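Bear in mind that the values here come from a model prediction, so they are computed numbers and not experimental data. Naming convention: chains lettered A, B, ... in sequence-line order (proteins, then strands); numbering from 1 in each chain.
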Protein chains: 2
Amino acid sequence: MSRSEKPDMKERILETADRLFYLRGIRAVGVDTVAAEIGISKRTLYNHFPSKDALIRAYLERRFTRVPASDKPPVEQILGTFDRLERGFASKGFRGCPFVNAVAELGTEDRAVRKIAIAFKESRRVWFRDLLLQLDVPDPEGLATQLTLLVDGSIAQDLVRDDPSMARAAKQAAAVLLANAGVEVGGDAAEKPQPATDRRRPASS
Amino acid sequence: MSRSEKPDMKERILETADRLFYLRGIRAVGVDTVAAEIGISKRTLYNHFPSKDALIRAYLERRFTRVPASDKPPVEQILGTFDRLERGFASKGFRGCPFVNAVAELGTEDRAVRKIAIAFKESRRVWFRDLLLQLDVPDPEGLATQLTLLVDGSIAQDLVRDDPSMARAAKQAAAVLLANAGVEVGGDAAEKPQPATDRRRPASS
DNA sequence: TGTTAATTACACAGATCGGTGTAATCAAGC
DNA sequence: GCTTGATTACACCGATCTGTGTAATTAACA
């Protein structure tokens, strides 16, 4: 099949489109820009993707990475999510949730895009729920939803404020919700102190 | 000053820009579209706003409406926020947070837009905090932040899923956080039952 | 009535966009 | 060496976008 020297041209296009779409915005990046960034002709790009819409869909589907399985205790996995979030926020390349951004950019009328976004949000909710089922909480479905609210809330707040401590605030709230559901939460899991005021990266504001 | 028959041309332009920008997206709506929607010439629009960027900024500043003062008890005000949210979600014209959407669309590099968005988010956090101060909770700053996470989380989730029950889930979580801080929460404040599954509007999906 | 300012219609500039057509070039497999 | 398929350069299309220039028109006010 593949006669091209570089492993897979389609994957190279997707990698570049992912980086540009996510960092600069989907509408802000043209197909010419994507092709030029890789150093290929626009024609080659259109030989792999019939339209920009198809490229956008492929970009979002590629972003749909499953959360890796873990053998750690469910509580640690749940609260660890917010630690990963905080590290993500602090990294330079973070710019919000690609699915929420895509819906915000392309509108709710774009069925294909919204379908992928919904699937992603639901997959995370189910991931929470399955962990909560192991913990025997009274209402795993509802609590899982509440945890996703904290995740998406901290992502939106960090996108605007560029303040990674939002993940820490979300983690503390999650710990309270878990404790309220009868789950034993390790004392060090949610480091309480931390006034959380002004933990912005100096680059911003 | 104003020689125009209609009260204020500038306000008419802003009203229309608000509706179109919010519902269809800022980048998706051109200045020609805004002018045509009102029935004025593009030249008139540019006589009131020097550029589209200026119109965008004015649109966001106009969206920056303060939460009205209320004499109801602080707890009711806080939890009532989520009831208002749910009604907003259920209304046809809801399409997420205009500030988050603007940052998602225009990028974090747009200093002016981001500054307005940050100011708005902070104003809501301060509104929560001032109410919490009246309730004598241990950490009003941190709890206020957590409440904003629930607000923005439910907004993001509703934008994607078109599911107004997200506001209800947020309200229940908020009630738990308040109770955990020692606040007396009325039993009817957070109507517990409600499996919350599939409360979508029939129009969607 | 005459002055003044707002609004109008309309053409147009300059850029960018998504997408196509074509013929040449290049590299791998038989 | 020849065939085949991928890639290339490059021109080009039509649409859309922000923004401007201009001269005519309208309406309020003195």
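With sequence neighbours left out, the salt bridge (Lys or Arg N to Asp or Glu O under 4.0 Å) criterion links Asp18(B) to Arg63(B). Among residues two or more places apart in sequence or in another chain, the salt bridge (Lys or Arg N to Asp or Glu O under 4.0 Å) test is passed with Lys115(A) by none. For Val29(A), the side-chain contact (heavy atoms from CB on, under 4.5 Å) partners are Leu20(A), Phe21(A), Arg24(A), Thr33(A), Val34(A), not counting sequence neighbours.
Between the side chains of Thr44(B) and Ser41(B), a donor-acceptor pair is found at a separation under 3.5 Å.
Distance Met9(B) CE to dA28(D) P: 13 Å, rounded to the nearest Å. Rounded to whole Å, the distance from CD1 on Ile40(B) to P on dC10(C) is 16 Å. Counting to the nearest Å, the P atom of dA6(C) and the CG atom of Leu45(B) are 15 Å from each other. Per the geometry, CZ belonging to Phe49(A) stands 15 Å off P belonging to dT20(C), to the nearest Å. Atom CD of Glu105(B) and atom P of dC17(D) are 14 Å apart (whole Å).
Note on Thr44(B): every side-chain N or O is 4.0 Å or more away from OP1 and OP2 of dT7(C). For dT7(D), one of the phosphate oxygens OP1 or OP2 lies less than 4.0 angstrom from a side-chain nitrogen or oxygen of His48(A).
Judged as a side chain to side chain donor-acceptor pair (under 3.5 Å), not a single pair has a partner in residues 48-60 of chain A (not counting sequence neighbours). Residues in residues 27-38 of chain B take part in these salt bridge (Lys or Arg N to Asp or Glu O under 4.0 Å) pairs, two or more places apart or across chains: Arg19(B)-Glu37(B), Asp32(B)-Lys42(B). Counting only residues at least two apart or in different chains, salt bridge (Lys or Arg N to Asp or Glu O under 4.0 Å) contacts with residues 142-157 of chain B comprise Lys121(B)-Asp152(B), Arg124(B)-Asp152(B).
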Within the 4.0 Å limit for protein heavy atoms, which parts of nucleotides 19-25 of chain D are touched? Write it as a string from 5' to 3', B for base, S for sugar-phosphate only, - for none. BBBB---
Let me have the donor-acceptor pairs involving side chains of residues 68-75 of chain B, under 3.5 Å, with sequence neighbours excluded, atom names and distances please.
{"unit_1": "Ser70(B)", "atom_1": "OG", "unit_2": "Lys72(B)", "atom_2": "N", "d": "3.1"}

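Across residues 20-30 of chain B, not one residue has a non-hydrogen atom less than 4.0 Å from an atom of DNA chain C.
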